[in-house]
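One structure is given below, encoded as structure tokens.
Here is how names work: the chains are called A, B, and so on, in the same order as the sequence lines, proteins then strands, and each is numbered from 1. Any value given below was found using the heavy atoms of this structure, including those in side chains, with hydrogens, waters and symmetry copies removed. Quick caveat: nothing in here was measured; it's all calculated off a predicted structure.
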2 protein chains.
Amino acid sequence: MHFRGILRILGLLICLFSITLLPPAAIALIYEDGGGVAFMLAFAVSIFIGFMVWYPNRSERSDLKARDGFLLTVLFWTVLGAVGVLPFLFTEEVPLSITDAAFESFSGLTTTGATILTGIEHLPHSVLYYRQQLQWLGGMGIIVLAVAILPMLGIGGMQLYRAEIPGPLKDAKMTPRIADTAKHLWYIYVALTVACAVAYKIAGMNWFDAVSHSFSTIAVGGFSTYDASMGYFGSSTINIICVVFLLLSSLNFAVHYAAITGRTLRSYFVDPEVRAFLLIQLALLFIVFATVLTHKIFADTGTAFNQALFQSVSISTTAGFATTDFSAWPLFLPILLIFASFIGGCASSTAGGLKVVRVVLLYRQGMRELHRLVHPAGVFSVKLGDRVLPPRIVEAVWGFFAAYALVFVVIMLGLLATGLDDITAFSATAACLNNLGPGLGEVAANYESIPDAAKWLLIIAMLFGRLEVFTILVLLTPTFWRS
Amino acid sequence: MHFRGILRILGLLICLFSITLLPPAAIALIYEDGGGVAFMLAFAVSIFIGFMVWYPNRSERSDLKARDGFLLTVLFWTVLGAVGVLPFLFTEEVPLSITDAAFESFSGLTTTGATILTGIEHLPHSVLYYRQQLQWLGGMGIIVLAVAILPMLGIGGMQLYRAEIPGPLKDAKMTPRIADTAKHLWYIYVALTVACAVAYKIAGMNWFDAVSHSFSTIAVGGFSTYDASMGYFGSSTINIICVVFLLLSSLNFAVHYAAITGRTLRSYFVDPEVRAFLLIQLALLFIVFATVLTHKIFADTGTAFNQALFQSVSISTTAGFATTDFSAWPLFLPILLIFASFIGGCASSTAGGLKVVRVVLLYRQGMRELHRLVHPAGVFSVKLGDRVLPPRIVEAVWGFFAAYALVFVVIMLGLLATGLDDITAFSATAACLNNLGPGLGEVAANYESIPDAAKWLLIIAMLFGRLEVFTILVLLTPTFWRS
Ligand SMILES: [K+]
Ligand SMILES: [K+]
């Protein structure tokens, strides 16, 4: 393990992160909301920590290997999540316990979007902006993670995407080219954010809300500057804009890149994951719309369609924005959508869940088993598009699925042991593991009322989900630390 | 497909089954409970049906192939389940709708043990006996299924056990030797039943109850002749006897056979599945006992231990006997035990669930993924004991796990759509798919109050669970029917 090399990069990352505390300070200045000191203090503390971590290791130049990548990835999210707590602790207007501050920080950075805050609209603008920015930065982190790091580490079959990464990354070394790779996709990320913000503004939001919500939309995060979330605006146009950008952000960013560089929409239509994703979305929309109509939940069909579309996209892509109290819909619907959030968005997107491509592979493999039962002597391969997949990738996907299920069961049982009721425990675990956000029952609106132990368990769930389970599990094996 | 050959065997099986309606008729005579006419009528109708199915195909002698095996297996359980409805419909003392009668019949035959009856102790003795016998016959069916048919069909990795079957069954033909194979294990099954009945009698039951409960114990079925189930007797000795025989019945019957023919207990200790099973049971006992003590649910430690042991074994082996209203225990415990029922008992036992061996294989495969992540160039195999497993078996187990999860989700959503609440839908699906029996919420005691649509969905769940999912799924593919 190249501990010093890892610390050098980690120190730099903390310094970079501390710089992101300056925009909220500027917001505090503009809105004179009194939050400036807290953010300047947090900036000073975190840049000092970053410097102290970086300085003793500044001349370390050894190339990091794949194994270092696991440790660096986990440290990246846990350390930045911890540093992200500081502004909450320093802001006197928002008196949060350390647990609550940590919950909010990790929920932001992992783009989960679960919150322990109420009366959000009364928070200082600087804090509001900071929460949204946390999600946006988290989204940027996920893109590097999904596009550069997971394929290299081979987590849950993601070596599938090694060939698709622009640049020679196949040498299993953590080279500076990761930054190059990510840069191209970040351009797309930023462009989507700008387009989304402008669209929100045109549809009637003020600039502050437009930028804030574009941050949490493109990150598929789900934080809002209002308790009522998107429902505050009561605008079906804004709902449609949100849906469009959520769908775009849930697609594989490498496919966006291919479409842009090739100047053709063909990239989308030939991608088996994109097709499966859109098919799932259509099926969900159909079921939700039909059920909402049957139960006459809305007065007119137009509203019913708009709400059905919004909720099914928002929950199933793991965004978690709300326009209506969908937890009061016939229980079948919320639970259907929470099950759908286990599928989530495409790989290499900012959405959560198992990822569509993995579900496609599980389905293909299941069909292969059926064919094998009928024709025991036949030879059947698992294909994705035209590619025949090596057994190793398929096995990795199975392993991922089982590990995901195991983590789900353990965390849900843990929550029950803290005294939560079953619907709360089930939905909270799903909502945090899938980086979805809102749950049902006691956590339908926010997570304030649950015990501290439950909150920490859910922070772990968010990290397991965001880091695709195995990144953390690997660190718990003795093999990893040996030699 | 050899339809005529399948019908010939099916006809014979129906005739055989109709003969099992005579003992309840005899019971009716002994206890003068008025149920005799119903059973004689059911006997006449079913032997007539069996004859009509068998007679036109009686001279068909073609060897059945593996593919015929799928159809025959599914027909065996669905047709016998349907014929099993007759006595309930003909008994005037028990006025059941067709749905309720079907639920009770399939629940019995699949050894699920979920019931729609209340005031069970007031039913005629003939009906009481018949329900228990249905479970016992179901258990016999499972042994043929698990020991002879599933390995041959290769369902969910069960080709693993092909080598262990006594007799030359590897030629993928359905030969009469299946009966030979099964016969040896049926001797064990009958011996266990007799031993269990005698033990219950000595511990204080009357002969009727002793035999009745030994039937549902060895079948890991869970039907009782009292609403209060085993709790009626209020005897910790009876509880212990039940636990011992449930554990024995949850072990692989082929391992029992090896132990008996080899006259050594070594067979048990070297079997990796048996060891994992006992380890799981110990862990569950520890957690349940500790939690029950902490929450001071029972007045003295002895009772607490007895109840913790009984409930954890009864639920996790998928028996589903009750001694106390465990659904009123802290929610963590019932849900832990319901999750444990997904693991269930050993393969080739009468218990339900995924089966311990599959969970062991999933665990091994998960560990292999972790090792592969740390050492990408390493070659790791999945072992069971000393055997290195071919990838095909491991893949089949993964497929089984995913299909099981899919069926669970679809049926649970279906139940929610009929209007059930979440804890009822979750626990009822688990209880029927795992062939466990009692659930939580509305179905903690019995299934009477849920809608008919929900009952039919749960009958399907019982069949999916008992027939190991793929046997039914295969019949739904076009490939199966082609050529
Ligand atoms: K989210
Ligand atoms: K049972």
Out of A/Ala417, A/Ala403, A/Gly414, return the one with the most heavy atom pairs under 4.5 angstrom to chain B.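 Of the options given, most contacts go to A/Ala417.
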Which residue out of A/Leu440, A/Thr291, A/Val409 racks up the most heavy-atom pairs below 4.5 Å with chain B?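 Highest number of heavy-atom pairs under 4.5 Å: A/Val409.
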Please look at [X] and chain A and tell me whether the side chain, the backbone, both or neither of the residue comes under 4.5 angstrom of a heavy atom of that chain.
{"X": "B/Ala405", "result": "side chain"}
{"X": "B/Arg392", "result": "both"}
{"X": "B/Leu362", "result": "neither"}
{"X": "B/Glu395", "result": "both"}

Could you check whether atom CZ of B/Phe380 has more than 12 heavy atoms from other residues, nucleotides or ligands sitting under 6.0 Å from it?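 Counting other residues, nucleotides and ligands, CZ of B/Phe380 exceeds 12 neighbours.
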Give me the one residue out of A/Leu413, A/Thr418, A/Leu420 that meets side-chain contact (heavy atoms from CB on, under 4.5 Å) with B/Phe332.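 Between B/Phe332 and the candidates, side-chain contact (heavy atoms from CB on, under 4.5 Å) is satisfied uniquely by A/Leu413.
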Between B/Val374 and A/Arg482, is any pair of side-chain heavy atoms under 4.5 Å apart?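 Counting from C-beta outward, B/Val374 and A/Arg482 never come under 4.5 Å.
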Can you find a heavy atom in the side chain of A/Glu369 that is under 4.5 Å from one in the side chain of B/Leu473?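 The answer is no, as the side chains (C-beta and beyond) never meet within the 4.5 Å cut-off.
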Approximate separation, where rounding is to 0.5 Å, of [X] [atom1] and [Y] [atom2]:
{"X": "B/Phe480", "Y": "A/His371", "atom1": "CZ", "atom2": "NE2", "value": "12.5 Å"}
{"X": "A/Thr424", "Y": "B/Asp422", "atom1": "OG1", "atom2": "CG", "value": "9.0 Å"}
{"X": "B/Gln365", "Y": "A/Trp398", "atom1": "CD", "atom2": "CH2", "value": "10.5 Å"}

Winner by heavy-atom pair count (cut-off under 4.5 Å) against chain A, out of B/Ile155, B/Thr477, B/Leu333, B/Ile335: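 The answer is B/Ile335.
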Among B/Phe426, B/Phe470, B/Phe400, which has the most heavy-atom pairs under 4.5 Å with chain A?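 Answer, by heavy-atom pair count under 4.5 Å with chain A: B/Phe470.
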Heavy-atom closest pair, residues A/Leu331 and B/Leu416: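 Heavy atoms only, the tightest pair is CD2-CD2, 3.8 Å.
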